[in-house]
Structures are given as structure tokens and as C-alpha cells.
Amino acid sequence: MAQQAVQKTVVESVRTAHVPASIVMESKHNNPPRYPSQAFRDGKEGEAILMVQVAADGQWLGATVLQSTGWPELDEAAQAATRKWQYLPASEDGVPVRGEIRVPVSFEL
């Protein structure tokens, strides 16, 4: 019984030790990316996977394209959209720290 209590405490402390950064989903600022008009007319589609860097205060620091849509203008639109979104910082033992979040952004007609 005592061993189970110790194991539970260890598991709980591991779970709360690191919390990754996240997007504030309820935010009115988290609009989808603007579809570049020429890309829309040309029928370009794709999904970009971005790695967004988030400061300890939740501010956007940058975004790196991990997987491209295949169209530079769509990748740039995805990055521009993430710049306006709101984030929650990562935390270590309850203290906000810089972190990253992997974000898929799709462009579909």
C-alpha cells in the first residue's frame, strides 16, 4: 500500500514537472490564415507543419516550417497567422518558461 502511494506521487510529480506550450483556443485573435489570393486563384493547397517558439510570457517568438505545403506563399501565410495567435507558455514545476508547440496549418479549397 505504501509503495503504491509512493509510485502515485512520483507519477504525479512527473506529470506536473513539465507542461508544454499551447495555443489559447478560445481567443478571438486565433483566426485561420489568410489564403493568399493568387494561390487561391491558382488552386494551390497543402498543409504546413510549423514549430512555434513561445516566450515565458506567452508571446510569439518565431515559427519555423518543419514541413512545407510545397508553396512558399502558403508557408508564409501560415507563419503570419501564428504571429497573431495567443499562447500559453510552457512551464517547469509551475514556473513559466520558453517552449515550443508543433502546429499544423491547412490550406484547402
Side-chain angles (χ1 to χ4, degrees):
M1 194 79 158
Q3 183 179 6
Q4 287 177 340
V6 169
Q7 287 174 340
K8 182 178 177 186
T9 303
V10 169
V11 169
E12 287 174 355
S13 68
V14 168
R15 279 191 209 140
T16 59
H18 177 76
V19 177
S22 61
I23 299 171
V24 178
M25 297 306 293
E26 311 82 42
S27 174
K28 64 181 180 180
H29 302 288
N30 293 355
N31 295 318
R34 188 182 78 59
Y35 218 117
S37 54
Q38 188 61 49
F40 183 83
R41 286 191 294 276
D42 293 343
K44 295 178 179 177
E45 297 182 300
E47 181 179 68
I49 307 289
L50 305 178
M51 183 63 74
V52 177
Q53 294 80 39
V54 180
D57 64 359
Q59 295 297 309
W60 181 91
L61 293 175
T64 305
V65 177
L66 298 178
Q67 175 186 310
S68 173
T69 61
W71 308 104
E73 60 269 42
L74 296 182
D75 294 344
E76 290 167 14
Q79 288 178 305
T82 66
R83 207 174 280 124
K84 298 174 185 172
W85 295 352
Q86 291 187 331
Y87 301 90
L88 292 174
S91 66
E92 293 285 342
D93 297 322
V95 177
V97 295
R98 181 180 172 156
E100 296 180 322
I101 180 171
R102 199 176 160 108
V103 180
V105 179
S106 295
F107 293 89
E108 296 176 347
L109 298 173

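Computed over heavy atoms, backbone and side chain alike; hydrogens, waters and symmetry mates excluded. Sequential numbering from 1 along the given sequence is applied to the chain's residues.
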(request) First locate atom CG of Leu109, then atom CZ of Arg41, and finally report the distance between them rounded to the nearest 0.5 Å. (result) 12.5 Å
(request) Please assess Val52 against Trp85 for the test side chain to side chain contact (heavy atoms under 4.5 Å, CB included), listing each intermediate value before the final yes or no. (result) CA-CA 11 Å; Val52 177; Trp85 295 352; over 6 Å; no
(request) Give a yes or no on this: more than 12 heavy atoms of other residues, nucleotides or ligands lie within 6.0 Å of atom CH2 of Trp71. (result) no
(message) Which heavy atom of Pro89 sits nearest to which heavy atom of Val97, and what is that distance?
(response) CB-O, 3.9 Å
(message) To the closest 0.5 Å, what do you measure between CD (Gln53) and OG1 (Thr64)?
(response) 4.5 Å
(message) For the CZ atom of Arg102 and the CG atom of Leu50, what is their distance to the nearest 0.5 Å?
(response) 10.0 Å
(message) Please give me the minimum heavy-atom distance between Gly70 and Pro72, naming the atom from each residue.
(response) O-CD, 4.1 Å
(request) Give a yes or no on whether the backbone of Pro104 and the side-chain of Glu47 come within a donor-acceptor separation of less than 3.5 Å. (result) no
(request) Locate the shortest heavy-atom distance separating Gly46 from Thr69; write the atom from each residue and the value. (result) C-CG2, 3.8 Å
(message) Give me the atom names and distance for the closest heavy-atom approach of Arg83 to Trp60.
(response) NE-CH2, 3.3 Å
(message) Is there a path of hydrophobic side-chain contacts, each under 4.5 Å between heavy atoms of I/L/V/M/F/W/Y residues, joining Val24 to Met51?
(response) no
(message) If we ignore hydrogens and angles and just use 3.5 Å, is the side chain of Tyr87 paired with the main-chain N or O of Ala55 as donor and acceptor?
(response) no
(message) Donor-acceptor pair, distance only, cut-off 3.5 Å: does the side chain of Asp57 make one with the backbone of Gln59?
(response) yes
(request) Of all the heavy-atom pairs spanning Ser22 and Ile101, show the shortest one and how long it is. (result) CA-CD1, 3.5 Å
(request) Indicate if Met25 and Leu88 have the same hydrophobic cluster label, given that clusters are the connected sets of ILVMFWY residues with side-chain heavy-atom separations under 4.5 angstrom. (result) no
(request) Test side chain to side chain contact (heavy atoms under 4.5 Å, CB included) on Val65 and Gln79 and set out the steps. (result) CA-CA 8 Å; Val65 177; Gln79 288 178 305; 3.8 Å; yes
(request) Output the distance between atom CD (Glu100) and atom CG (Leu66), rounded to the nearest 0.5 Å. (result) 8.5 Å
(request) Return the minimal non-hydrogen interatomic distance between Ala78 and Phe107, and the atom names on each side. (result) N-CZ, 3.9 Å
(request) Tell me, with the steps shown, if Tyr35 and Glu45 meet side chain to side chain contact (heavy atoms under 4.5 Å, CB included). (result) CA-CA 10 Å; Tyr35 218 117; Glu45 297 182 300; 3.8 Å; yes
